[in-house]
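We number each residue from 1, following the sequence as shown. Both ligands and their constituent atoms are indexed starting at 1 by order of listing.
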Amino acid sequence: MKIITVIGARPQFVKAAALSREFAKHSNIREILVHTGQHFDANMSDVFFDEMQIPKPKYNLNINSVSHGAMTGRMLEEIEKVLLAEKPDLLLVYGDTNSTIAGALAAKKLHIKVAHVEAGLRSFNMEMPEEINRILTDRISDYLLCPTQTAIENLINEGYKNTTAVIKNTGDVMQDAACFYAKQSQDKSTIIKQINLNKYILTTLHRADNTDNKQKLTNIVEALNEIHQQICPIVLPLHPRTKKKLQAFNLKLNVTLLDPVGYFDMIELLKNSSLVMTDSGGLQKEAFFFKKNCVTMRQQTEWVELINANVNVLTGANKQKIITEVEQMLIRPSDFTINLYGNGKASKNIINVLLNT
Ligand code: UD1
């Protein structure tokens, strides 16, 4: 089976690290990676390939830093050329980025089967570009590889039982990555020495829904500055989008800022933190993998099982709510023993589905 996998944004490199390693163990599978170039800075891309030993992409399309329409359109055109040249049996995409929908659409129009890893997730917020990307990708995928039972139920509620798509709960490939790399990160990362803090909240912030709205970003910045000053130090690896928007809106974050960090540093930052604050999807789960409570600065989450398990709360961009929830979550005792995302065998399960259905 010849598979083309399209990746482009940081979280997709983490997911590919887990699944590509597993593909490589199968002599009857040949995987070719296509990097759209959506993320291109060394610390947003190269560091993941180096540390996690992700196979080198055969194609780098180098498409980034343009509007959604231009980005998706150019990716569609270039991926189509790759598919025509390579003639794969299957195209595989991860998650919900512009690279995801571009890959899926290019393949489907050429009658190439599409596998969507992280299918079925919904925030039910159609203002998020990610929600549009994931709904459209699901609709044209032949294999809907769901990370959770909730994702399966979302698809059933949307009528997917009436389609020919294969729908399976495989567990979450990010759990596989966390299990595998957590053993290596301790020896390889020096970030904890560098930041030199006994207690801190690990924070990330990059969601367009927050960063591109001046009022929301102002509220969040004010909340973070107050928490850092009065409650607990905040360590925040700053995403390039957020950096640009802070400058554009003339806002100042008075917390411990870092450049974007690689996966090993991120795992060590997670392991040693007292709490996680984020608007990322992946980090909400990674907080759970490493037994940390999480305050999510969004109105909705795709990972509702974390809310039901009382290890995650939603605050939106409401300054007072963010501060109050941080105070409570810093001391809330939580149960992290439940199995929400599989047992680190998602990659094996996915391959099993692809080879046998
Ligand atoms: C994208 C995904 C989002 C995912 C996130 C992970 C979409 C619609 N969004 O958002 O779902 O959670 O990746 O990080 O696909 N930039 C750099 N250097 C880089 C990467 C980006 O400077 O290496 C800049 C871009 O030029 C752009 C901004 O950051 O100005 C945003 O990048 P973009 O790829 O458009 O989306 P993300 O916000 O990263």
Looking only at distances, can you tell me whether any N or O atom of Arg10, backbone or side chain, sits closer than 3.5 Å to an N or O atom of ligand 1? no

For atom 5 (C) of ligand 1, which of the options Arg207, Met71, His206, Lys244 provides the nearest non-hydrogen atom? His206

Starting from atom 39 (O) of ligand 1, locate the nearest protein heavy atom and write down its residue, its atom name and how far away it is, to 0.1 Å. His39 NE2, 2.6 Å

Thr296 and Thr301: side chain donor to acceptor below 3.5 Å: no

Give a yes-or-no answer on whether the side chains of Asn312 and Asn293 include a donor-acceptor pair shorter than 3.5 Å. no

When you check the side-chain N and O atoms of Thr315 and Glu325, is any donor under 3.5 Å from an acceptor? no

So if I count the atoms of ligand 1 from 1 in the order they appear, which ones are less than 4.0 Å from some heavy atom of Glu130? 3 (C), 9 (N), 11 (O)

Glu130 and Thr97 side chains, donor-acceptor separation under 3.5 Å: no

Check whether any heavy atom of Ala208 sits under 4.0 Å from an atom of ligand 1. no

Please check if the side chain of Asn64 supplies one atom and the backbone of Gly37 the other of a donor-acceptor pair under 3.5 Å. yes

Between Asp138 and His116, a side-chain donor and acceptor under 3.5 Å: yes

Take every heavy atom of Asp96, measure it against each atom of ligand 1, and state whether any distance is under 4.0 Å. yes

Using a 6.0 Å distance limit plus a 45 degree cone around the ring axis, check whether Arg10 lies over the aromatic ring of Phe48. no

Of all protein heavy atoms, the one nearest atom 18 (N) of ligand 1 is Asp41 OD2, 2.9 Å

So is there a nitrogen or oxygen of Pro11 less than 3.5 Å from a nitrogen or oxygen in ligand 1? no

Does Arg207, at its CZ atom, have more than 12 non-hydrogen atoms belonging to other residues, nucleotides or ligands within less than 6.0 Å? yes

Short list, please: which atoms of ligand 1 are under 4.0 Å from a heavy atom of Met44? 19 (C), 23 (O)

Is it true that Lys56 and Asp50 make a salt bridge, defined as a side-chain N closer than 4.0 Å to a carboxylate O? no

Tell me the protein heavy atom at minimum distance from atom 7 (C) of ligand 1, and give that distance in Å. Gln38 NE2, 3.6 Å

Closest non-hydrogen protein atom to atom 2 (C) of ligand 1, residue and atom name please, with distance? Thr97 CG2, 3.9 Å

Run the numbers for me: atoms of ligand 1, each under 4.0 Å from some heavy atom of Ser65, listed by number. 25 (C), 26 (O)

So which heavy atom in the protein is nearest atom 38 (O) of ligand 1, and how far is it from that ligand atom? Arg241 NE, 2.6 Å

Okay, side chain of Asn43, backbone of Val261: is any donor-acceptor separation there less than 3.5 Å? no

Just to be sure I'm reading this right: ignoring hydrogens, which of Gln12, His239, Lys245 gets closest to atom 37 (P) of ligand 1? Compare them by their nearest heavy atoms. His239

Going by the atom numbers of ligand 1, which of them fall below 4.0 Å from some non-hydrogen atom of His68? 8 (C)

